[in-house]
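Quantities reported herein were computed from a predicted structural model and do not represent experimental measurements. Residue numbers start from 1 in every chain, and the chains themselves are labelled A, B, ... in the order their sequence lines are given, proteins ahead of strands.
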Number of protein chains: 2
Amino acid sequence: MIRTGYKDVKNHILSQIRKNIWPPGSSLPNEVDMAVTLGCARATISRAMRELVDEGVLERKRKAGTKVKASPTRRAQFTIPIIREEIEKNGATYRYDLVKRNILDAPDWLSSRLSLPKYNRVLQLRCMHYAGNAPYQLEDRWINLSAVPHAETFAFKTLGPNEWLVKEVPFTDGSLEFSATNATPYVAAFLNLPENAAVFTSERTTWLNNQNVTYAKLYFKRDYKMTTFL
Amino acid sequence: MIRTGYKDVKNHILSQIRKNIWPPGSSLPNEVDMAVTLGCARATISRAMRELVDEGVLERKRKAGTKVKASPTRRAQFTIPIIREEIEKNGATYRYDLVKRNILDAPDWLSSRLSLPKYNRVLQLRCMHYAGNAPYQLEDRWINLSAVPHAETFAFKTLGPNEWLVKEVPFTDGSLEFSATNATPYVAAFLNLPENAAVFTSERTTWLNNQNVTYAKLYFKRDYKMTTFL
DNA sequence: TAGTGGTCTAGACCACCCC
DNA sequence: GGGTGGTCTAGACCACTAA
């Protein structure tokens, strides 16, 4: 081995774990020792271990040292796709359609979910996303006009609110929920599904400095699967 | 500001983006220049930018430089919970029940999914996980006995296969899929749901050096939501 | 081929917190 | 208190690739 890089160190650690030389819960050598053993700088060991912590393999505490996680709760990363890109990546033609556009005071359920004051005006949008001619996703979108006033002047006839927001409005925090829901007649009609079909559903809320920007509920096409790797 | 740390650099970059000084698609200064501007070492800038790439905010190419991602595909991380821990975290009592245990040659659909040879023996397990007395998850588990022969001698009467595997069998790769399915009568009975109810479903496959270890399909309780943050 | 990021080093000081 | 990780520095060389 000519040079020991941080990737070599990561592989070394992982292989020791797989060989059960460092079983779950056990302690690893400290950074200085391991640097000597492997013949590299301490910073190299440090980076390797830091990344393994990010990946959920190790745990570190000052003074206590570095240990193999007892229950290796691996972390998975997934990227939230822009729907146009997801569809086009699969070789289909993306088509967007605005179904409804409406300005109103936020209904109660929305106000409480987003901590909005009473009589807060919101822009409601319903949109369909198609892959070729097949329905792909129904988007139920609410935009807080107090936070994003210039959304009111945008038509959303050809560009979807997701893409528009992503380019126009930055955010600081957000949450994402996934669940399964039975298709209401309304949803079923748009997605061309039998009533009560199981629909993969995603709800997204985003915030900019403690002010809510938008809430969206997305209903995916039949048999949609979200995939990620470990 | 006495010292500029990599976190300060990250915040600085993010705030420039939020102020639209560096809009999506635009180029940032190179590492050396930014180090001079902010008065810190190049390595500090480098780490800050590297983490922002991991978070899906920036894109970097050698020679071309660093840019704000045009479509900021934020990445979300979620931890795959050990089900016992998830239930106990919510203050409920975890209970496990083995419903079925069976050894057989892998059925065709499984063989093709896992690239198993013909007549490959597998261990099939059906398990229920309860939160208190309420059903929480039905687990349909298949373990490749060629890869994990000693699973055959383990009873799985009190310890679930997930926890057992996590501690006994390391893996190198895996995939995770989420979807929504309609409850079959069988699933509905175990989860105490109406027939055809929408069920949040997760499928997990893990590999150790190109050999499949296990495949599991998990059916979650009614109204289960998987949550993550951005 | 020149400019940019990617990585490594050796040393240093600091912050945390278990013993 | 002392051992451990957390971070920063200044400099160096390398690897990639757009121009």
Residue B/Tyr6, side-chain heavy atoms: nucleotide from C/dC8, D/dT7, C/dC18 that is nearest
D/dT7
B/Thr44 side chain near D/dT7 phosphate (N/O to OP1/OP2, under 4.0 Å):
no
Looking at B/Glu31 and B/Arg47, does any basic side-chain N land under 4.0 Å from a carboxylate oxygen?
no
Can you figure out which of D/dT7, C/dC18, D/dA18 approaches the side chain of A/Lys61 most closely?
C/dC18
Out of D/dT7, C/dT7, C/dC17, minimum distance to the side chain of A/Lys7 belongs to C/dT7
Just call it for A/Arg47: base, sugar-phosphate, or nothing, with non-hydrogen atoms closer than 4.0 Å on any strand.
sugar-phosphate
Counting only side-chain heavy atoms from C-beta out, which of C/dT9, C/dG3, D/dG6 sits nearest to B/Lys63?
C/dG3
For A/Ser46 and for A/Gly65, locate the closest nucleotide of DNA chain D by heavy-atom distance; then report the residue assigned to the nucleotide nearer the 5' terminus.
A/Gly65
Of the nucleotides D/dT7, D/dA10, C/dG3, which has the atom closest to the B/Arg62 side chain?
C/dG3
Side chain of A/Arg42 - closest among C/dC13, C/dA10, C/dG3:
C/dC13
State whether A/Thr66 places a side-chain N or O below 4.0 Å from either non-bridging phosphate oxygen (OP1 or OP2) of D/dG5.
yes
Would you kindly compare B/Val32 and A/Ala64 by the position of their nearest DNA chain C nucleotide and give the one closer to the 5′ end?
B/Val32
